[in-house]
Student: 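Sharing a structure, written as structure tokens. Questions coming.
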Protein chains: 2
Amino acid sequence: MVSQAEENYLKAVFAISEKEGKSATTNAIAATMQTTAASVTDMLKRLADKNLIAYEKYRGVLLTPDGRRIATELIRKHRLWEVFLLEKLGFAWDEVHELAEQLEHVQGDALVDRLDAYLGYPKYDPHGDPIPDAQGRWTLRQQVPLVTLQPGERGTVTGVQDHSSAFLQYLDQLGLGLGVEVEMLERIPYDQSARVRAAGKTELMLSEKVCQNLFVKTN
Amino acid sequence: MVSQAEENYLKAVFAISEKEGKSATTNAIAATMQTTAASVTDMLKRLADKNLIAYEKYRGVLLTPDGRRIATELIRKHRLWEVFLLEKLGFAWDEVHELAEQLEHVQGDALVDRLDAYLGYPKYDPHGDPIPDAQGRWTLRQQVPLVTLQPGERGTVTGVQDHSSAFLQYLDQLGLGLGVEVEMLERIPYDQSARVRAAGKTELMLSEKVCQNLFVKTN
DNA sequence: AATTATTTTTAGACTAGCCTAAAAATTGAT
DNA sequence: ATCAATTTTTAGGCTAGTCTAAAAATAATT
Ligand SMILES: [Mn+2]
Ligand SMILES: [Mn+2]
Ligand SMILES: [Mn+2]
Ligand SMILES: [Mn+2]
């Protein structure tokens with residue numbers, strides 16, 4: 001049995017370490033979980049006892065195969081529920097994450113698989129993040145931050161780096177959602193902001209911060 | 001804040017006391033929750049401190065208005081999720097309860113109301129139990145145990161008393177689901193079993209136990 | 001290399017929720 | 001009314017998970 005708290009820690013370790021294959025530090029986990037380093041050390045011992053992480057004092061941690069499987073299933077559930085909340089219940093993309101944080105802990109293999117089928121086996125969640133399949137396989141995507149596009153280059157919005165409500169609502173306001181075509185028109189050297197054409201017509205001024213947090217697939 | 005454990009206790013008190021308006025005893029709650037009387041007493045003190053129950057030592061408990069509201073919302077969520085699992089995900093009526101026990105604890109007013117709308121504001125759950133509306137109002141139904149029907153009388157199956165998998169699966173096997181028309185043909189004095197016509201054609205022999213656990217609305 | 005700064009772990013304490021065993025209160029039976 | 005049976009509460013202890021403060025280990029600087 002794995003508790004909800006344990007699941008959340010595994011997810012945090014996955015998010016931190018799986019990016020680069022490097023181990024997750026106590027402080028990094030504490031920051032992600034919004035808790036203290038002492039609480040993290042406590043939990044790391046428990047997770048190591050259960051063989052869900054490889055832990056050496058002062059050396060950070062990595063997931064074991066079991067730990068990685070649990071984290072992957074949790075992410076799968078989280079993102080499927082996000083799709084459900086958006087597609088079926090009509091929530092906005094900035095409202096689904098908090099609810100999915102709760103729904104991801106509901107246990108039941110049949111539930112996940114039936115939900116997956118009901119949603120049509122989606123490969124990406126409302127933020128463009130990939131959804132692992134029932135075997136834990138990921139469908140990764142070629143995407144780059146908008147900031148890397150040269151003037152004249154075009155792309156399609158495929159995801160966000162920042163998942164905050166503030167950012168997502170601002171994108172809504174700008175008319176920038178997943179699937180929208182964008183063309184880089186000009187980079188302003190003074191502040192690294194960008195002039196961009198969206199959906200073939202609207203012309204927008206985007207700050208460097210926005211351009212760093214928006215992923216596009218180049219056409 | 002009300003924990004999941006507290007919510008479950010309130011639901012148990014509701015189930016026991018709201019039936020007759022009489023107070024729920026420590027032992028009755030312990031039996032429902034499958035725990036010890038000592039644990040119940042512990043929790044009753046906490047719930048009384050939060051003004052969710054009226055508790056006098058050795059005298060049993062009743063819900064306060066706040067407690068009743070929380071219990072009602074929990075039942076509403078539970079039964080709406082059961083409808084979702086059956087109608088949308090295709091689970092059988094004997095599979096939905098366990099999952100709903102988990103889903104009922106997901107917090108979010110908007111979630112419940114959107115789910116309700118998505119399901120078309122159902123008034124009854126897959127077992128025929130009433131679903132309170134957003135204002136906590138119940139749509140009660142005239143129904144009696146099948147055992148009370150006299151030979152020649154007809155009715156429509158509207159619910160079950162026993163929610164166990166064993167009973168529900170047996171009903172499936174007999175072709176007795178919600179909405180099926182039944183006619184009492186004969187009561188056997190020897191063992192109180194009954195000969196019943198189902199859906200206008202099939203003739204069934206039902207034990208007294210089955211007849212007590214099946215609710216019908218007389219036509 | 002020695003010292004300082006940072007990170008991590010340990011020590012000790014707290015709450016929620018559960019348990020068993022014993023004591024107290026209530027109910028039922030003579 | 002008294003005694004016995006039952007129900008309920010209390011007492012004490014356990015685990016999971018959290019915290020703060022202090023100690024220990026590691027990393028960075030001089
Ligand atoms: Mn999310
Ligand atoms: Mn997401
Ligand atoms: Mn149920
Ligand atoms: Mn039900």
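Computed from a predicted model, the values in this text were never measured in an experiment. Convention: sequence-line order gives letters A, B, ...; per-chain numbering from 1.
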Student: A side-chain contact here means heavy atoms from C-beta on lying under 4.5 Å apart; do A:Ile75 and A:Trp138 qualify?
Tutor: yes
Student: If you look at every strand shown and take non-hydrogen atoms under 4.0 Å, does B:Ser39 touch a base, only sugar-phosphate, or nothing?
Tutor: base
Student: Assess the residue pair B:Asp113 and B:Arg76 against the criterion (salt bridge (Lys or Arg N to Asp or Glu O under 4.0 Å)); give the C-alpha distance rounded to whole Å, side-chain angles, the decisive distance to 0.1 Å, and a yes or no.
Tutor: CA-CA 10 Å; B:Asp113 293 341; B:Arg76 171 171 157 78; 3.1 Å; yes
Student: Rounded to whole angstroms, how far apart are CG on A:Leu47 and C1' on C:dT9?
Tutor: 16 Å
Student: When you check the gap from the basic side-chain N to the acidic O, do A:Glu73 and A:Arg69 get nearer than 4.0 Å?
Tutor: yes
Student: Let me know the distance between CD1 of A:Ile29 and P of D:dT18, rounded to the nearest Å.
Tutor: 13 Å
Student: Please determine whether a side-chain nitrogen or oxygen atom of A:Lys57 lies at a distance below 4.0 Å from atom OP1 or OP2 of C:dT7.
Tutor: no
Student: Identify which nucleotide among C:dA24, D:dG17, C:dT8 has an atom closest to any side-chain atom of B:Tyr58, counting heavy atoms from C-beta outward.
Tutor: C:dA24
Student: Rounded to whole angstroms, how far apart are CD on A:Glu56 and C1' on C:dT9?
Tutor: 15 Å
Student: Distance check needed: D:dT10 P versus B:Leu44 CG, whole Å only.
Tutor: 11 Å
Student: Between C:dT10, D:dC19, D:dT8, which nucleotide gets closest to the side-chain atoms of A:Thr41?
Tutor: C:dT10
Student: With the side chain of B:Tyr9 defined as its heavy atoms from C-beta on, choose the nearest nucleotide among C:dT9, D:dT8, C:dC18.
Tutor: C:dC18
Student: Does A:Lys209 qualify as a cation-pi partner of A:Phe167, given the criterion of NZ or CZ under 6.0 Å from the six-membered ring centre and within 45 degrees of its axis?
Tutor: no
Student: Taking the six-membered ring of B:Phe14 (Phe, Tyr or Trp), confirm whether the NZ or CZ of B:Arg68 is under 6.0 Å from its centre and within 45° of its axis.
Tutor: no
Student: Look at the side chain of A:Thr25 and decide which nucleotide, out of D:dT18, C:dG17, C:dT8, has an atom nearest to it.
Tutor: C:dT8
Student: What's the closest nucleotide to the side chain of A:Ala38 if the choices are C:dT8, C:dT20, D:dC19?
Tutor: D:dC19
Student: C:dT20, C:dT8, D:dG17: which one has an atom nearest the side-chain heavy atoms of A:Arg46?
Tutor: D:dG17
Student: Between B:Gly60 and A:Gln4, just flag the one whose closest nucleotide in DNA chain D comes earlier from the 5' side.
Tutor: B:Gly60
Student: Side-chain N or O of A:Lys45 versus OP1/OP2 of C:dT10: is the shortest distance under 4.0 Å?
Tutor: yes
Student: Please determine whether a side-chain nitrogen or oxygen atom of A:Arg59 lies at a distance below 4.0 Å from atom OP1 or OP2 of D:dA27.
Tutor: yes
Student: Roughly, in whole Å, what's the span from CE in B:Met33 to C1' in D:dT8?
Tutor: 18 Å
Student: Between B:Ser3 and C:dA16, is there a side-chain N or O to OP1/OP2 distance below 4.0 Å?
Tutor: no
Student: Can you tell which of D:dT18, C:dC18, D:dT9 lies closest to the side chain of B:Ala5?
Tutor: C:dC18
Student: Ignoring the backbone of A:Asn27, work out which of D:dT10, C:dT7, D:dG17 is nearest its side chain.
Tutor: C:dT7
Student: For the aromatic rings, using the six-membered ring if either is Trp, is the centroid distance between B:His97 and B:His127 under 6.0 Å?
Tutor: no
Student: For the pair made of CG in A:Asp42 and C1' in C:dC14, what is the distance, rounded to whole Å?
Tutor: 13 Å
Student: Which nucleotide, C:dC18, D:dT9, D:dG17, lies nearest any side-chain atom of A:Glu6?
Tutor: D:dG17
Student: Within the structure, does a side-chain N or O atom of B:Thr35 lie under 4.0 Å from either OP1 or OP2 of C:dC19?
Tutor: yes
